[in-house]
Number of protein chains: 2
Amino acid sequence: MIEQCTKYIKKKGLRLTKQRIKLVQEIAQMNQHFDVDLLISVMKKKKINISRATVYRTLPILQECGVIREVTQLDNKVYYENNYNKKHHDHMICLNCGRIIEFFDNDIERLQDKICAKSCFKPEKHRLIIYGLCEDCGGGKND
Amino acid sequence: MIEQCTKYIKKKGLRLTKQRIKLVQEIAQMNQHFDVDLLISVMKKKKINISRATVYRTLPILQECGVIREVTQLDNKVYYENNYNKKHHDHMICLNCGRIIEFFDNDIERLQDKICAKSCFKPEKHRLIIYGLCEDCGGGKND
DNA sequence: ATTTTTATTGAGAATGAATCTCAAATGCAA
DNA sequence: TTGCATTTGAGATTCATTCTCAATAAAAAT
Ligand SMILES: [Mn+2]
Ligand SMILES: [Mn+2]
Ligand SMILES: [Zn+2]
Ligand SMILES: [Zn+2]
């Protein structure tokens, strides 16, 4: 992940700063969805100095570079997830407890391509979120 | 649409105010996606007085009632669409011109239910947005 | 119709996420 | 090491949304 970012940053003529390196190192260890506040608090705990503005400025770079991906949760805030060495997937979100379930369905993906082709639309990315109740919150048994 | 809202408002023990009625009447005539600013400017043009706060307070009620539905566009702002007498559908959004294409694919919907069942997840609603290039912006011919 | 009760409204203040500003710091190439 | 453009940090700013609270008005009670 660090190498991929380093390469991207150099290719773009950007500078490999301490802050960017440290931030990527932190994100590489993240295995849940995260937002700016989480990154800042984690780094503060580890005594790594980085300003909020720099975090906000760096995340879009890492997204272009492809190592992270924007995800949506219940509120309308921006969250990210690690996209490095991880296959594409979509999400189910429990409206009761907030639990996030990741899933991938190849048939759904293929049908999306098919319906795009029908509209002469060239898909670049998509976002599918299913909201409902997870097993623990009453999903399983009902109906 | 007005009747559905009236019924819901009364059932909930809420009050049928001038502002709520006027707002629903406006929304009933909307045929594209809209946000708070659009509603306010349209109503101001028609000399209908309603405060920004009241619009913000009313929209969640109309959403619960089922006559409107929250949709996402490119920015992270909240938009709505009329959901009355309109079948469920999802969206393709052109990253170049912002054009919004509505689509519905029954197979995708069924596959969603299937994968939810597999996780014992009870779906209530979902949001599928495909981002890419529309026909006019280079979608059709490419690849 | 009048009064009483209580939800709703409007105007503006407050909040909170995200962006911007600009002087100081620093990466990097010469 | 020097020079220079990029980046950073701290705080100001923006912008959408929510909150506050006194005034208003809907609905119920009389
Ligand atoms: Mn995920
Ligand atoms: Mn639509
Ligand atoms: Zn749950
Ligand atoms: Zn387009």
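Keep in mind that the numbers below use all heavy atoms, side chains included, and drop hydrogens, waters and symmetry copies. Throughout, a chain's letter reflects where its sequence line sits, starting with A, and its residues are numbered from 1.
A distance of 6.0 Å or more separates the ring centres of B:H91 and A:H126.
Within 4.0 Å of A:N76, counting heavy atoms only, lies no atom of the nucleic acid at all. No engagement by A:V36 is indicated, since no non-hydrogen atom pair under 4.0 Å with the nucleic acid exists.
For A:K77, taking side-chain heavy atoms from C-beta onward, the closest of the listed nucleotides C:dT8, C:dA17, C:dG10 is C:dA17.
The side-chain tip of B:K77 points at the ring of B:Y79 from less than 6.0 angstrom away and within 45° of straight on. No cation-pi contact links A:K10 to A:Y8, judged by a cut-off of 6.0 Å to the six-membered ring centre and 45° from its axis.
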Query - Evaluation steps, salt bridge (Lys or Arg N to Asp or Glu O under 4.0 Å), between A:R52 and A:D37 - result: CA-CA 8 Å; A:R52 174 167 293 269; A:D37 285 326; 2.7 Å; yes
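Distances shown here put every side-chain N or O of B:S51 at or beyond 4.0 Å from the OP1 or OP2 atom of C:dT9. Here B:T17 reaches the OP1 or OP2 of C:dT9: one of its side-chain N or O atoms lies under 4.0 Å away. One finds no side-chain N or O of B:Q19 lying less than 4.0 angstrom from the OP1 or OP2 phosphate oxygen of D:dA26. Residue B:K18 has no polar side-chain atom (N or O) positioned under 4.0 Å from OP1 or OP2 of D:dA25.
Under the 4.5 Å side-chain heavy-atom criterion for grouping Ile, Leu, Val, Met, Phe, Trp and Tyr, B:Y56 is connected to B:I48 within one hydrophobic cluster.
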Give me the distances for all protein-to-nucleotides 18-24 of chain D N/O pairs that come in under 3.5 Å?
| from | atom 1 | to | atom 2 | distance (Å) |
| --- | --- | --- | --- | --- |
| D:dT20 | O4 | B:R57 | NH1 | 3.4 |

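Between A:D35 and A:V78, the shortest heavy-atom contact is CB-O, 3.7 Å.
Map B:L14 and B:V78 each onto its nearest nucleotide of DNA chain D; the residue landing nearer the 5' end is B:V78.
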